[in-house]
Amino acid sequence: HIEARIAAGRPAAEVIADLGQAEAHAAHFVDEMETAGALGAQRSGDLLGVVLRRVHRSIAAAVAMVVVLGLNLVALAAATMAWMKFTDPVHAGLWIGPHQQFIGAIDDPTQAHEMLGLWIYPLAALALLLAWAISRAILIWAVRTLRPRD
């Protein structure tokens, strides 16, 4: 591009000045290489890394991070509930009583009825799988959105 512009009669100093700051010009190529690599590999860690590095300068990255963090908190809660059910099956579960409805541990299991029973395990696994799949799809969308445009 530089040679073509100089051959067209423009002064070399003007052509180089038109390129802008070297760091900004190089950053465009680094961003492009990073997003292309993450999209090509499709690894969740690579996708997450790209989004995390741009969360401070992109609304799409910030929204993606909030949603991904929320989904992962739900998955963590589901896994924690399954672990609680495994370690204390009498007191952990989804409880519904005359004055209370909650998921967690209860002091007196006679005060409410436990609704999920052993279904808590496949539901926790489903929550983990859905959180992973939706998070991955959101990260792919965000990285495609963040891809530099020419």
Side-chain angles (χ1 to χ4, degrees), residues 1-2 4-5 15-150:
H1 294 286
I2 293 172
R5 291 176 185 170
V15 171
I16 291 172
D18 286 348
L19 293 175
Q21 293 288 353
E23 292 82 12
H25 196 65
H28 174 77
F29 293 109
V30 171
D31 285 352
E32 185 176 332
M33 212 169 58
E34 189 179 47
T35 56
L39 287 172
Q42 296 278 312
R43 289 189 300 259
S44 297
D46 294 343
L47 296 165
L48 182 61
V50 170
V51 172
L52 278 172
R53 282 186 286 282
R54 288 169 180 75
V55 76
H56 67 285
R57 60 181 179 171
S58 167
I59 292 175
V63 168
M65 280 311 303
V66 167
V67 173
V68 167
L69 285 173
L71 286 168
N72 282 286
L73 285 174
V74 168
L76 178 63
T80 301
M81 195 62 241
W83 178 253
M84 287 173 62
K85 185 69 168 176
F86 179 74
T87 58
D88 189 4
V90 173
H91 294 101
L94 171 65
W95 299 96
I96 297 181
H99 305 291
Q100 56 192 358
Q101 299 174 357
F102 67 96
I103 189 164
I106 192 169
D107 291 332
D108 183 6
T110 61
Q111 298 297 316
H113 180 68
E114 207 281 309
M115 299 299 295
L116 288 179
L118 295 178
W119 279 100
I120 201 161
Y121 299 119
L123 290 174
L126 180 63
L128 290 169
L129 180 64
L130 285 173
W132 173 80
I134 295 169
S135 292
R136 183 173 166 74
I138 289 169
L139 289 172
I140 290 170
W141 165 81
V143 172
R144 284 183 179 153
T145 302
L146 297 171
R147 188 174 33 203
R149 306 278 189 257
D150 287 330

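On a predicted model such as this, the values are computed, not experimentally measured, just so you know. Side chains are part of it too, since the values below use all heavy atoms of this structure and drop only hydrogens, waters and symmetry mates.
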Report task. Inspect the surroundings of CZ in Phe102 and state if more than 12 heavy atoms from other residues, nucleotides or ligands are less than 6.0 Å away. Result ->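 Enclosed: over 12 neighbouring heavy atoms sit under 6.0 Å from CZ of Phe102.
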
**Report entry** Within 6.0 Å of CZ in Arg53, more than 12 heavy atoms from elsewhere
**Finding:**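 Yes - once you tally the heavy atoms of other residues, nucleotides and ligands closer than 6.0 Å, there are more than 12.
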
Minimum heavy-atom distance [X]-[Y], with the two atoms named:
X: Ala142; Y: Ala60; result: CB-O, 4.4 Å
X: Gly93; Y: Glu114; result: CA-OE2, 3.2 Å
X: Pro122; Y: Leu118; result: CD-O, 3.3 Å
X: Ala75; Y: Ala127; result: CB-O, 4.5 Å
X: Ser44; Y: Arg136; result: OG-NH1, 3.3 Å

Determine whether [X] and [Y] make a side-chain contact, defined as any pair of heavy atoms from C-beta on separated by less than 4.5 Å.
X: Leu139; Y: Val50; result: no
X: Lys85; Y: Leu116; result: no
X: Leu76; Y: Asn72; result: no
X: Met81; Y: Ile120; result: yes
X: Ile96; Y: His113; result: no

With rounding to the nearest 0.5 Å, note down the distance linking [atom1] in [X] to [atom2] in [Y].
X: Ile103; Y: Thr80; atom1: CD1; atom2: OG1; answer: 10.5 Å
X: Ile138; Y: Leu47; atom1: CD1; atom2: CG; answer: 12.0 Å
X: Leu71; Y: Leu128; atom1: CG; atom2: CG; answer: 11.5 Å

Short side-chain to backbone donor-acceptor contact, [X] and [Y], under 3.5 Å:
X: Ser135; Y: Trp132; result: no
X: Ser58; Y: Val55; result: no
X: Trp95; Y: Gly104; result: yes
X: Arg5; Y: Ile16; result: no

Query raised in the report: Between Glu34 and Arg54, does a salt bridge (charged side-chain N to carboxylate O under 4.0 Å, His left out) hold up when you go through it step by step?
Result: CA-CA 11 Å; Glu34 189 179 47; Arg54 288 169 180 75; 2.7 Å; yes

Requested in this report: Take Arg147 and Glu32 through the side chain to side chain contact (heavy atoms under 4.5 Å, CB included) test and state the conclusion after the steps.
Outcome: CA-CA 6 Å; Arg147 188 174 33 203; Glu32 185 176 332; 5.7 Å; no

Query - Evaluation steps, side chain to side chain contact (heavy atoms under 4.5 Å, CB included), between Arg144 and Leu39 - result: CA-CA 8 Å; Arg144 284 183 179 153; Leu39 287 172; 3.7 Å; yes

